[in-house]
Amino acid sequence: MPQVFILNKGPHDYSTASRFGELVYCTEGTLDRDDISLMFRELEPYICLDSQPEDYILLTSLTTLCSVACSMFAAKHQRLNLLIFRGDGYVARTIYMPLHNDKD
């Protein structure tokens, strides 16, 4: 079963995202929006170590936190699976990002 990485546990009801997989909370509470190194360290056990290509990142919380998590996931899996809230539930969006090492 895929995992749904909820980047920060907030007051929102994320339960409708459970149809995509097991809900996993990566951080909780207030974060320093400028400390991206700390964000990386807190996300590392989830995104770098535990994530699989079929897992999802649920977009929530700080833009910087989302950016760090998405970068980590894309670097590891060469794809990005997002859950985006639309109306009364979440929709899945995937983009494939094969790396090209073109040398001039």
Side-chain angles (χ1 to χ4, degrees):
M1 172 184 250
Q3 297 181 93
V4 174
F5 294 107
I6 300 171
L7 301 179
N8 188 269
K9 187 175 184 180
H12 308 291
D13 178 9
Y14 302 107
S15 62
T16 58
S18 65
R19 71 184 182 98
F20 294 96
E22 174 190 359
L23 303 184
V24 177
Y25 294 95
C26 300
T27 68
E28 184 173 351
T30 303
L31 301 169
D32 179 350
R33 71 178 349 112
D34 298 319
D35 195 347
I36 60 173
S37 295
L38 178 60
M39 291 177 194
F40 180 89
R41 289 192 305 274
E42 289 192 22
L43 293 170
E44 187 174 28
Y46 303 98
I47 308 297
C48 291
L49 302 177
D50 289 343
S51 73
Q52 300 299 314
E54 65 273 4
D55 293 338
Y56 292 93
I57 293 177
L58 185 144
L59 294 179
T60 189
S61 191
L62 297 172
T63 304
T64 48
L65 183 66
C66 292
S67 298
V68 171
C70 290
S71 298
M72 294 165 72
F73 194 94
K76 180 176 181 179
H77 301 296
Q78 296 185 24
R79 68 189 280 176
L80 184 57
N81 308 317
L82 299 176
L83 292 182
I84 303 167
F85 190 77
R86 293 283 186 247
D88 60 349
Y90 291 91
V91 294
R93 296 292 182 261
T94 297
I95 185 168
Y96 296 91
M97 302 177 202
L99 298 178
H100 299 285
N101 293 323
D102 297 331
K103 295 184 181 184
D104 298 332

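Only a predicted model underlies this, so the values are computations on that prediction, with no experimental measurement involved.
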Establish, from distance only, whether the side-chain atoms of His77 and Ser51 form a donor-acceptor pair under 3.5 Å. yes
Any chance you could measure Leu80, atom CG, to Arg93, atom CZ, to the nearest 0.5 Å? 13.0 Å
Hydrophobic cluster identity match, Leu82 and Leu58, side-chain contacts under 4.5 Å: no
Tell me if the CZ atom of Arg79 is crowded by more than 12 foreign heavy atoms within 6.0 Å. yes
Can you get from Leu31 to Ile47 by hopping between Ile, Leu, Val, Met, Phe, Trp and Tyr side chains that sit under 4.5 Å apart? yes
Working to the nearest 0.5 angstrom, can you tell me the gap between Leu49 CG and Leu43 CG? 11.5 Å
Heavy atoms only: give me the nearest Thr16-Gly89 pair and the separation to one decimal. OG1-CA, 4.1 Å
Tyr46-Phe73 co-clustered via ILVMFWY side chain contacts under 4.5 Å: yes
Atom NE2 in His12, atom OG in Ser61: separation rounded to 0.5 Å? 8.5 Å
Just to verify, what does Phe5 make a ring-ring contact (aromatic ring centres under 6.0 Å, His included) with, not counting sequence neighbours? none
Distance in Å, Lys76 NZ paired with Asp50 CG, rounded so as to fall on 0.5 Å steps: 7.5 Å
What about Val4 and Ile57, same hydrophobic cluster or not, with Ile/Leu/Val/Met/Phe/Trp/Tyr joined at side-chain heavy-atom distances under 4.5 Å? no
If you round to the nearest 0.5 Å, how far is OG1 of Thr64 from CG of Leu62? 4.5 Å
Please say yes or no: joined through hydrophobic side-chain contacts below 4.5 Å, possibly via intermediate residues, are Phe85 and Leu23 part of one cluster? yes
Would you check if Asp55 and Asn81 make a side-chain contact, meaning some heavy-atom pair closer than 4.5 Å? no
Once you round to the nearest 0.5 Å, how far does CG of Leu7 lie from CD of Glu28? 13.5 Å
